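We're numbering straight along the sequence, starting at 1. Note that these values count all heavy atoms, side chains included, but never hydrogens, waters or copies made by symmetry. Given the structure is predicted, the values throughout are model-derived calculations rather than measurements.
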Amino acid sequence: MTMNISANLQSLFTWNTKQVFVFLAAEYETPKKPLNQISLWDGIIPSKDHAKFWIHTSNKYRFIDQVQNSSRMQLLA
């Protein structure tokens with residue numbers, strides 16, 4: 001999956017802000033679980049000068065069903 005992310009986060013920086021951590025998450029429902037969450041992208045904005053940005057990127061993390069994998073791990077233990 002690829003994403004185009006644009007943001008202007010300059011207003012988050014005040015005289016006391018050292019950096020800002022940002023992330024993009026998705027929430028979805030399945031028949032077995034009403035709330036699923038996945039982190040698609042994250043980053044650290046080091047200063048106000050870098051807080052207005054546009055990036056084209058692919059998802060940083062793999063899509064893994066944590067419940068299914070934890071059940072499989074319990075069977076192996």
Side-chain angles (χ1 to χ4, degrees):
M1 180 171 75
T2 59
M3 300 170 280
N4 292 317
I5 303 170
S6 64
N8 182 351
L9 305 176
Q10 292 176 328
S11 64
L12 298 177
F13 283 85
T14 65
W15 65 273
N16 197 30
T17 306
K18 305 295 184 223
Q19 62 186 12
V20 173
F21 177 76
V22 293
F23 65 95
L24 177 64
E27 293 184 355
Y28 60 96
E29 295 180 13
T30 63
K32 291 185 178 182
K33 192 173 176 197
L35 177 60
N36 298 276
Q37 299 173 321
I38 185 167
S39 179
L40 300 172
W41 173 84
D42 63 38
I44 296 174
I45 311 300
S47 69
K48 188 174 184 175
D49 295 336
H50 295 93
K52 189 173 182 180
F53 61 93
W54 178 88
I55 60 169
H56 175 81
T57 186
S58 59
N59 57 306
K60 193 173 183 179
Y61 303 103
R62 293 178 45 201
F63 298 137
I64 298 174
D65 184 348
Q66 297 294 331
V67 174
Q68 185 179 17
N69 283 341
S70 66
S71 299
R72 191 177 302 146
M73 294 299 284
Q74 288 173 357
L75 292 173
L76 297 175

For this session: Kindly give the cluster partners of Leu35, where membership spreads through any ILVMFWY side chain lying under 4.5 Å from a current member.
Result: none
Problem set entry | Partner residues of Asn4 under the side chain to side chain donor-acceptor pair (under 3.5 Å) criterion, sequence neighbours left out | His56
Exercise: identify the closest heavy-atom pair between [X] and [Y]:
X: Trp54; Y: Ser6; result: CD1-CB, 3.5 Å
X: Phe53; Y: Leu9; result: CE2-CD1, 4.0 Å
X: Leu40; Y: Ala26; result: CD1-CB, 4.0 Å

Using distance only, find each side-chain donor-acceptor pair of residues 14-24 under 3.5 Å and give its atom names and separation, not counting sequence neighbours.
| from | atom 1 | to | atom 2 | distance (Å) |
| --- | --- | --- | --- | --- |
| Thr14 | OG1 | Asn16 | N | 3.3 |
| Thr14 | OG1 | Thr17 | OG1 | 3.1 |
| Thr17 | OG1 | Leu12 | O | 3.3 |
| Thr17 | OG1 | Thr14 | N | 3.1 |

For this session: Determine yes or no for a side-chain-to-main-chain donor-acceptor pair under 3.5 angstrom, with Asp42 supplying the side chain and Ser39 the backbone.
Result: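 Side chain of Asp42 to backbone of Ser39: no pair is present.
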Exercise. Any donor and acceptor pair, going by atom type alone, linking the side chain of Asn8 with main-chain N or O of Gln10 inside 3.5 Å?
Worked result: yes
Exercise. Under a 4.5 Å side-chain heavy-atom rule over Ile, Leu, Val, Met, Phe, Trp and Tyr, are Ile44 and Met3 clustered together?
Worked result: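 Result: no, two separate clusters.
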Exercise. Roughly how far, to the nearest 0.5 Å, is CD of Gln37 from CD of Glu27?
Worked result: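 Reported to 0.5 Å precision, the distance equals 4.5 Å.
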Exercise. How many angstroms lie between atom CD1 of Ile55 and atom CH2 of Trp41, to the nearest 0.5 angstrom?
Worked result: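 Those atoms lie 4.5 Å apart.
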